[in-house]
Amino acid sequence: MCDVSCWMSNVSSIIAGTRVECLLLLTFEKLLIANRGEIACRVSYNFQVIKTCKKMGIKTVAIHSDVDSSAVHVKMADEAVCVGPAPTSKSYLNMDAIMEAIKKTRAQAVHPGYGFLSENKEFARRLASEGVTFVGPDTHAIQAMGDKIESKLLAKNAKVNTIPGFDGVVKDADEAVRIAREIGYPVMIKASAGGGGKGMRIAWNDEETREGFRFSSQEAASSFGDDRLLIEKFIDNPRHMKSRFVLADKHDNALRNQKVVEEAPSTFLDPETRRAMGEQAVALAKAVKYSSAGTVEFLVDTKKNFYFLEMNTRLQVEHPITECITGLDLVQEMIRVAKGYPLRHKQADIPINGWAVECRVYAEDPYKSFGLPSIGRLSRYQEPLHVSNVRVDSGIQEGSDISIYYDPMISKLITYGSDRAEALQRMEEALDNYVIRGVTHNIALLREVIIHPRFVQGDVSTKFLPDVYPDGFKGHKLTDLEKRELLAIATSLYMAEQLRSQQFLGSPRISLAKLDLNNWELSIQLGDGTYSVTVSNNGSTFSVEVDGMKLNVTSEWNLASPLLSVTIDGTQRTIQCLSRDAAGNISIQFLGTVVSEGQEICVIEAMKMQNSMIAAKTGKVKAVHCKAGETVGEGDLLIELE
């Protein structure tokens, strides 16, 4: 029941008289992807970069909830099966429904992606009992390394550095407080079975510990179907969050690669620390006879002491940056390993080439707690694939809905360069060229982070955002020159619109009042200031004088395009025309930030993450206007105090 695929692993030129070596691999005939969104698309068929299953000749089966019936991953797969209603517990975490889908489609293997059931040992066990291959580690490794409590004990036995803390399961809030006091504040409360920031809270006192226990257990149950928690010492202001990518087969071979948050390689690690981390990661993987792709994560303090944090027994969210600098297709390697083949590469074959940066683009409002989830329909969506060395892993398209039921990630935006400076420059360009309409998104925040002097210098810690933006993110602060550039661009856009309105089918309209087509004097309002500008036109170039400075603005002035590339005295800028009303008012995005008299109104909803509201003053509850489980919108009256 297997296809025979021919892979050109070592292809030499026949014309040159050398042998063409063809490695015949027995692959799976059909693979079910137990996930949704961008990772399901990545495994099934990525339009831009890697077409793993299609390339390997494997048919794919998508599962979906009822609200995801028209999702991109469903359309891309060869077959699709609905596994339940929208709530994850009734669909993507519904093992019975997924097992039934496997039987119905006769899938021979299952790739779990990340999240959902990707680290669930019971799911892997049930697959094994049915003779279905789990594209991931075996149940022993999932149990040993996927559970943070057990993995920490195993790491200690394998001589891996670990963070001080309580190694058992925390029973209730009272026990959480007692343990936190014994460890000493601050402490980290986190889900034993999870990852990705879900079910994780920092507590600095008893009250925050009780609150953190409640919220973390709820998030853990919602996201992973397991509400167990552990508590350990929180290392305040760690220098970096590090992780070591591990790829191991069933023949005791293992490879590793180092990542820093979402860029690779590290700006902080020296060769000795990098080697030591890698050795501990491989030792841990071999200790549990790990096979497949996984990530051993470490926390590093300012003195370069590193501590084992957890092991993700699955494909990592930020795996694209590893693929960019190593040239490996990790999903393909996972499928090969699951079939029993040895790794095709040795550690010496995996050099670090260039630099890669990944930004997670979310449907979130960065001006509210650095990212309050947003819902809506993507009325316009255009990925910046025309920018060189850009990869976009997404599971949406124009017209897709960002719903309240799932993580609001739009895509993973990855850029690559020969060095870090080039990769960051590409990322800045890609963010400027990313068109997203219909939902609030975090591109403005992402852009500000990657151009911030601290980030550019590599001075990054897990407290970067609160340190740099202690009062919250406020958008890009224009310099005097950037303010003049914005005024010049706005003036030029206005005049281009006016000149176009005087044309009809390429000919001048009949005008009762003859206008001077060469020079204009305008009054422009920006923020609280009003500026007088003088503008003249010569073909596609407008000369704008503002505050005594003359700027020449050149563009094709395609006012129908959402993107507009303009050159200001030799400096290229990409702006976005967000909206235009009947009165001719134009809302534009400049340097990542929206510039208009009013911000777009979007309905904000919470997704997965538990958000607490604190009363601004002491009072008595007068009335409650909502019920548990109801969907609420931004500005809705929830509770009245008196």
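Reckoned from all heavy atoms, side chains included, excluding hydrogens, waters and symmetry mates.
- Using a cut-off of 4.0 Å between Lys/Arg side-chain N and Asp/Glu carboxylate O, Glu232 and Lys190 are scored as salt-bridged.
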Passes salt bridge (Lys or Arg N to Asp or Glu O under 4.0 Å), Glu219 versus Arg201? Steps please. CA-CA 11 Å; Glu219 287 178 9; Arg201 288 290 190 283; 2.9 Å; yes
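- Between Glu358 and Lys412, no side-chain nitrogen of the basic residue sits less than 4.0 Å from a carboxylate oxygen of the acidic one, so the salt-bridge criterion is not met.
- For the pair Asp68 (side chain) and Ala71 (backbone), a donor-acceptor distance under 3.5 Å is absent.
- With Ser400 contributing its side chain and Gln397 its backbone, the two residues share a donor-acceptor pair below 3.5 Å.
- Side chains of Gln382 and Pro562 form a contact here, defined as non-hydrogen atoms less than 4.5 Å apart.
- Between the side chain of Asn433 and the backbone N or O of Pro384, no donor-acceptor pair lies under 3.5 Å.
- At distances below 3.5 Å, at least one donor-acceptor pair connects side-chain atoms of Ser561 with backbone N or O atoms of Leu563.
- Residues Ala77 and Thr60 approach most closely at CA-OG1, 3.5 Å, considering heavy atoms.
- At least one side-chain heavy atom of Glu208 sits less than 4.5 Å from a side-chain heavy atom of Asn205.
- In this structure, the ring of Phe116 has its center less than 6.0 angstrom from the ring center of Tyr92.
- The existence of a salt bridge linking Glu323 and Arg42 is confirmed by a sub-4.0 Å separation between a basic side-chain nitrogen and an acidic carboxylate oxygen.
- At distances below 3.5 Å, not a single donor-acceptor pair connects side-chain atoms of Glu428 with backbone N or O atoms of Arg447.
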List the steps, then state whether side-chain contact (heavy atoms from CB on, under 4.5 Å) holds for Arg360 with Tyr362. CA-CA 6 Å; Arg360 299 188 194 183; Tyr362 278 96; 3.5 Å; yes
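- Using a distance-only test at 3.5 Å, with no hydrogens or angles considered, a donor-acceptor pair links the side chain of Asp66 to the main chain of Ala86.
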Decide side-chain contact (heavy atoms from CB on, under 4.5 Å) for Leu564 and Ile575; before the verdict, give the C-alpha distance in whole Å, the side-chain angles of both, and the deciding distance to 0.1 Å. CA-CA 5 Å; Leu564 198 62; Ile575 66 169; 3.8 Å; yes
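- In this structure, Ser91 contributes its side chain and Pro85 its backbone to a donor-acceptor pair below 3.5 Å.
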Checking side chain to side chain donor-acceptor pair (under 3.5 Å) for the pair Gln316/Glu297: CA distance, chi angles, key distance, verdict? CA-CA 11 Å; Gln316 191 71 345; Glu297 296 191 356; 2.9 Å; yes
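- Shown here for Gly115 and Arg314, the closest heavy-atom pair between the two residues is N-CD, 4.0 Å.
- Taking 4.5 Å as the limit, some side-chain heavy atom of Leu591 sits within range of a side-chain heavy atom of Leu478.
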Verdict with reasoning, Thr295 to Thr313, per side-chain contact (heavy atoms from CB on, under 4.5 Å): CA-CA 7 Å; Thr295 307; Thr313 56; over 6 Å; no
With ring pair (Phe, Tyr, Trp, His ring centres under 6.0 Å) as the test, would you mind laying out the steps for Phe473 and Tyr367 before giving the verdict? CA-CA 5 Å; Phe473 180 64; Tyr367 301 96; 5.2 Å; yes
Check against side-chain contact (heavy atoms from CB on, under 4.5 Å), Tyr381 and Ser411: CA-CA 11 Å; Tyr381 183 75; Ser411 73; 4.1 Å; yes
Under the criterion side chain to side chain donor-acceptor pair (under 3.5 Å), I'd like the reasoning laid out for Thr440 against Glu364: C-alpha separation, chi angles, the key distance, then a yes or no. CA-CA 6 Å; Thr440 305; Glu364 293 180 338; over 6 Å; no
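- Rounded to the nearest 0.5 Å, atoms CG (Asp393) and CE (Met409) are 8.5 Å apart.
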Verdict with reasoning, Asp206 to Tyr185, per side chain to side chain donor-acceptor pair (under 3.5 Å): CA-CA 9 Å; Asp206 292 355; Tyr185 288 109; 2.6 Å; yes
Check the pair Gln576, Arg437 against side chain to side chain donor-acceptor pair (under 3.5 Å), reporting the backbone distance first and the verdict last. CA-CA 11 Å; Gln576 296 195 26; Arg437 305 283 189 272; 2.9 Å; yes
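- Here the side chain of Glu211 pairs no donor or acceptor atom with the backbone of Glu207 at under 3.5 angstrom.
- Using modelled atom types, no side-chain atom of Asp401 and backbone atom of Ser403 make a donor-acceptor pair closer than 3.5 Å.
- Put simply, the side chain of Thr593 gets close to the backbone of His476: a donor and an acceptor are under 3.5 Å apart.
- Contact record, Ile443 with Leu431: CG2-O, 3.7 Å, taken as the closest heavy-atom pair.
- At least one cation-pi condition fails for Arg380 and Tyr434: the charged atom is not both under 6.0 angstrom from the six-membered ring centre and inside a 45 degree cone around its axis.
- Here the shortest heavy-atom pairing between Lys233 and Ile163 reads O-CG2, 3.3 Å.
- In this structure, the side chains of Ile402 and Ser374 stay at 4.5 Å or more apart for every pair of heavy atoms.
- In this structure, Arg426 forms no cation-pi arrangement with Tyr416, as its terminal cationic atom is not both closer than 6.0 Å to the ring centre and no more than 45° off the ring axis.
- Under the 30°/60° scheme for interplanar angles, the aromatic rings of Phe123 and Phe134 are found to stand perpendicular.
- Taking 4.5 Å as the limit, some side-chain heavy atom of Phe464 sits within range of a side-chain heavy atom of Phe455.
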